[in-house]
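Since the structure is predicted, the reported quantities are computational estimates derived from the model, not experimental observations. Just so we're on the same page: letters track the sequence lines, and every chain starts at 1.
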2 protein chains.
Amino acid sequence: MHRESALTNGATPRVGRGATLDAVAHEAGVSRATVSRVVNGSPKVSPEVRRQVERAVDRLGYVPNLAARSLVTRRSDSVGVVITEPTGRLFNDPFFPRLLRGISAELAARKLQLVLLMPETEPDEERLERYLLSGHVDGVILVSLHGDDPLPGDLLARGIPVVIGGRPATGIAASYVDVDNRDGARAAVRHLVSLGRRRIATLAGPLDMAVGSDRLEGYRDALAESGLPHDRRLEAHGEFTYESGASAMRRVIHAAPDVDAVFAASDLMAAGAMSVLRAAGRRVPEDVAVVGFDDSPLAVTTDPPLTSVRQPVEEMGGDLVRLLADAIDREIRTVRHVLLSTELVPRASSVAPAQSRDNAHGG
Amino acid sequence: MHRESALTNGATPRVGRGATLDAVAHEAGVSRATVSRVVNGSPKVSPEVRRQVERAVDRLGYVPNLAARSLVTRRSDSVGVVITEPTGRLFNDPFFPRLLRGISAELAARKLQLVLLMPETEPDEERLERYLLSGHVDGVILVSLHGDDPLPGDLLARGIPVVIGGRPATGIAASYVDVDNRDGARAAVRHLVSLGRRRIATLAGPLDMAVGSDRLEGYRDALAESGLPHDRRLEAHGEFTYESGASAMRRVIHAAPDVDAVFAASDLMAAGAMSVLRAAGRRVPEDVAVVGFDDSPLAVTTDPPLTSVRQPVEEMGGDLVRLLADAIDREIRTVRHVLLSTELVPRASSVAPAQSRDNAHGG
DNA sequence: ACTTGTCAAGAGAGCGATTTCACGCTCGGC
DNA sequence: GCCGAGCGTGAAATCGCTCTCTTGACAAGT
């Protein structure tokens, strides 16, 4: 009836600076080599010996020393995730938490560790490069890369596997995973067209980032395929932020007062646009329908809630890891690209005038 | 002669599987020990030799192998950051990006690496604990801890330094850094009182989290010190989310129709509340003033913009690292607590009726 | 002139794992 | 009844670095 603690049985677990392979070998009466085999699941160990060793491992609370292992295997079993984002999206959008979550989950499934690197200063960047180049990680995931960053090239040159989240602006010969921004934008604009809108404006993001130019291309695609004229006055540029969305909207209203729909390159821009529209006395969606991009939490809290394009961010994280793991494990050096499809999430900001007027209150 | 040919052929850096200490030693014509001293900045090296070695290091592109170093120093120079957050704040608030940024910056300044761990499943948690217990990190930062998590206790028992972000619900003998939520709430409610509001409601967060109960306490403090009666009908509970803020607001309006101000425990709840108020025909801030908490980006995009309480999240990250580093470097095992003060950011959602009516349009 | 002190530099012993290779042992085939 | 084959196990060689201890050179003290 007394509690049978594993501890009382003369089995004081060696806490503190852990037991070594050697200690376990002694305890189990075998050689280090055998213990190593058991720990690493080699099939070449007889069942009895295996059980012996496993008991000894438990008894001593043995956990392998990664440093020692990595010294000989030349593997660190960890991958670096580099996020170089000054501010921007980082704080206004749960993009990074979601991405990290996706990455982390897939990494965990493969028993890899995630080393997060967020360089901020110049010296940081230098140390970062040294760190990564020195093979202390088995591979690197690069997120939100600056156009001319030499990092991926340097890493690749040293034979360190690299994958990039988001299509890099310049043509680096590295694998990447990207959201199909162009197609997402196309779908958003098609949606507006299908609602009967004809004077559709876009508030585009920075064109030096793929995500910015892709969304603009998608907008143009959809207009073209719908036979709508391409009108420069309906295109304004900004920075993905609330304020820049607002000011872009002001410019559009001024240049093209007959605008009846807006496709914004981010939810934040869309929110800024809506506030400007309201101030200008335009009703959303009756007078002007609005669609954003990202499907951030913001989209649900605006008034009216914002139609937006959802990106599979977690999935992107998972794919990044899969690509990288292939490169590491199977030494696949082929450059591969993954394009993830988006999903339009319709909300009240883009309901057709007819619907919002008649249907909403049960016509 | 032969021996040198590979090396002296000048500038060819040994790319690929890096140069070793030994290689550098050869190149510079000194012993490994000397190279090690140079690399680690020991003062006991003559200037000429130092220069020699530094040149060799450059030439070979030498970077120390962390695994080998860590094997002998028993230091990994990395700290684990454990985030156990199912969903909640994680995706609706840039809390984690900001925190990670704060942590990362301070870590970088101390040349420590950040190993991010986000366990999601049960097996994840087990592996996590093994990983941390086995001394592969020098210390651990725990964020958004569940009330009854055994992890901090286990780690502490093994002598691994632990610091916690956010005051843990149960009384764990670990250092923590927290935002002074109670004081922040107090300030928010005082602000409402100073605006002449008398029927101030609160939409509280979950009480099983310190952050939830602290903010409620602060609310009560402020009412008490202002001599306002404590009225249960003015207290509704929710979950920090938009929807729960909305439904809590509905309950308050029903139970206390004369409510003239609301202090919500999060911006998200405040946003939910505002939409309900609007639907109920109450104007914000004229009829009901609203204050949120967190000063999330959301606060700027609501209509009207939301008065909120700003938390020094980056600073919190920095303090976490400082506390942890003290524990690691100086072996300080004293339990310490840091409480960071908040700042009220007034916006249009809480302007006094007099001001918003008379002043705004120039009385 | 001989000892003593100082300080730069080298030699070598680990750190804790993996892994190759060699070694007995047991079997089945002839 | 002898001989590889097959298989489990151990011995020992690394992996790349740190760090103590020792050595050697040179200057100064007596």
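Side-chain N/O atoms of B:Asn40 include one lying less than 4.0 angstrom from OP1 or OP2 on D:dT18.
Rounded to an integer number of Å, the gap from NE2 of B:His26 to P of D:dG16 is 14 Å. Separating the CG atom of B:Asp22 from the C1' atom of D:dT14 is a distance of 13 Å, rounded to the nearest angstrom. Rounded to whole angstrom, the span from the NE2 atom of A:His136 across to the P atom of D:dC15 amounts to 17 Å. Straight-line distance from the CZ atom of B:Arg75 to the P atom of D:dC17: 19 Å, rounded to whole Å. Taking atom CG on A:Asn65 and atom C1' on D:dC17, their separation rounds to 14 Å, with Å as the unit. In this entry the distance linking CG of A:Leu21 with P of D:dA13 reads 18 Å, nearest Å.
Within residues 32-39 of chain B, the residues having any heavy atom under 4.0 Å from DNA chain C are, by residue number, B:Arg32, B:Ala33, B:Thr34, B:Arg37. DNA chain D lies under 4.0 Å from no heavy atom of any residue of residues 45-56 of chain B.
Take A:Asp319 and apply the side-chain hydrogen bond (donor to acceptor under 3.5 Å, both in side chains) test, not counting sequence neighbours, and it matches A:Arg322. The side-chain hydrogen bond (donor to acceptor under 3.5 Å, both in side chains) check on A:Thr20 picks up nothing, with sequence neighbours excluded.
Under a 3.5 Å cut-off, the side chain of B:Ser70 and the backbone N or O of B:Ser76 do not form any donor-acceptor pair. Formation of a donor-acceptor pair under 3.5 Å by the A:Asn65 side chain with backbone atoms of A:Ala67 is found in this model. Between the side chain of A:Arg101 and the backbone N or O of B:Met118 there is no donor-acceptor pair closer than 3.5 Å. In terms of modelled atom types and a separation under 3.5 Å, the side chain of A:His136 and the main chain of B:Pro64 share a donor-acceptor contact. In this structure, the side chain of A:Asp149 engages the main chain of A:Leu151 through a donor-acceptor pair within 3.5 Å.
Going from atom CG of B:Leu323 over to atom CD1 of B:Ile328 covers 11.0 Å, rounded to the nearest 0.5 Å. In this structure, CD in A:Gln113 is found 8.5 Å from CG in A:Asp77, a value given to the nearest 0.5 Å. The structure places CZ of B:Arg69 at 13.0 Å from CG of A:Leu71, a figure rounded to the nearest 0.5 Å. Atom CG of B:Asp154 and atom CG of B:Leu132 lie 10.5 Å apart (nearest 0.5 Å).
A rotation axis mapping the C1' atoms of four pairs onto the next four is fitted at both ends of the helix from C:dA1-D:dT30 to C:dC30-D:dG1 over five pairs, and the angle between these axes is 50° to 10 degrees.
Ion pairing of A:Arg110 with A:Glu106 is present here, as a side-chain N (NZ or NE/NH1/NH2) and a carboxylate O approach within less than 4.0 Å.
Within a 6.0 Å sphere centred on CZ of B:Arg55, heavy atoms belonging to other residues, nucleotides or ligands number more than 12.
Extent of DNA chain C lying under 4.0 Å from chain A heavy atoms, first and last nucleotide in 5' to 3' order, is C:dG16 to C:dT19.
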